[in-house]
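One structure below.
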Amino acid sequence: MIKIPNNNEHKPSYQEKIWHVVSMIPKGKVATYGQVAELAGLPQMARAVGRTLSKLPKDTELPWFRVINAKGKISFPVDSEAYLRQKDLLAEEDITLLNGKVNLKSHQWIP
DNA sequence: TCCTTGACGGAGA
DNA sequence: ATCTCCGCCAAGG
């Protein structure tokens with residue numbers, strides 16, 4: 001039988017792995033891009049996580065806002081709408097910013 | 001195919 | 001704590 005030069009997926013599977021990991025981050029906790037990449041089995045690909053999240057539909061159910069950078073900061077310009085949106089969504093889970101940073105010590109998700 | 005761009009991270013200075 | 005520089009690598013021009 002003729003083999004279709006591709007799988008039925010039109011998108012790279014790594015995105016699905018990332019979606020899965022992000023969906024597991026519990027409410028009230030956060031994970032870093034690098035952490036998500038590692039848990040997804042994609043070490044050294046933190047940027048792929050950011051790329052994937054940037055393509056999510058506006059009405060996604062994925063808790064993308066629980067993903068922040070390794071410094072505990074939100075990876076958007078502080079004067080952007082996106083920054084405020086993420087900050088508010090986190091605040092709803094009692095994750096507040098101190099000096100622009102989340103206290104990873106107490107809020108980082110440890111699987 | 002080559003070059004640039006990132007919702008990144010870590011090591012130095 | 002802040003700033004640079006460099007490694008990583010998929011996507012899009």
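Naming convention: chains lettered A, B, ... in sequence-line order (proteins, then strands); numbering from 1 in each chain.
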field: Passing option when A:Gln15 is tested against A:Arg51, A:His20, A:Lys55 for side-chain contact (heavy atoms from CB on, under 4.5 Å)
entry: A:Lys55
- request: Taking only the side-chain nitrogens and oxygens of A:Tyr14, find out if one of them lies under 4.0 Å from OP1 or OP2 of C:dC8.
  value: no
message: What's A:Thr32 touching, base or sugar-phosphate or nothing? Going by heavy atoms closer than 4.0 Å.
response: sugar-phosphate
- line: Sorted by position of nearest nucleotide on DNA chain C, 5' first, the leading residue of A:Lys73 and A:Arg51 is A:Lys73
- line: From CD of A:Glu81 across to C1' of B:dA7 the rounded distance in Å is 16 Å
query: Which nucleotide, C:dA11, B:dG9, B:dG6, lies nearest any side-chain atom of A:Tyr33?
result: B:dG9
task: Would you check if the side chain of A:Ser80 reaches a backbone N or O of A:Phe76 as a donor-acceptor pair within less than 3.5 Å?
output: no
- prompt: Please give, in whole Å, the distance from B:dA7 C1' to A:Gln35 CD?
  reply: 16 Å
task: Round to the nearest Å and state the distance from A:Lys71 atom NZ to B:dC8 atom P.
output: 9 Å
- prompt: Tell me: CD of A:Gln15 to P of C:dC9, nearest whole Å?
  reply: 17 Å
- prompt: Are the side chain of A:Asn69 and the backbone N or O of A:Lys71 linked by a donor-acceptor pair below 3.5 Å?
  reply: yes
statement: Closest to the side chain of A:Asn69, out of B:dC8, B:dG10, B:dA7, is B:dC8
- request: Could you tell me the separation between the CZ atom of A:Phe76 and the P atom of B:dC8, rounded to a whole number of Å?
  value: 9 Å
task: With heavy atoms under 4.0 Å as the rule, sort A:Ala48 into base, sugar-phosphate or nothing.
output: nothing
- request: Measure from CZ on A:Arg47 to C1' on C:dC6 and round the result to the nearest Å.
  value: 11 Å
- request: Send over the distance from A:Gln44 CD to C:dA10 P, rounded to a whole Å.
  value: 13 Å
field: Side-chain N,O (A:Lys101) to OP1/OP2 (C:dA1) below 4.0 Å
entry: yes
- request: Check whether any side-chain nitrogen or oxygen of A:Ser75 sits under 4.0 Å from OP1 or OP2 of B:dC8, and answer yes or no.
  value: yes
- prompt: Just how far, in rounded Å, is P of B:dG9 from CG of A:Leu104?
  reply: 10 Å
message: Side chain of A:Trp64, heavy atoms from C-beta onward: which of B:dA7, B:dG9, C:dC8 has the nearest atom to it?
response: B:dA7
Option passing salt bridge (Lys or Arg N to Asp or Glu O under 4.0 Å) with A:Glu93 (candidates A:Lys87, A:Arg66, A:Lys27): A:Arg66
task: May I ask you to check whether over 12 heavy atoms, not counting those of A:Lys73, lie within 6.0 Å of atom NZ?
output: no
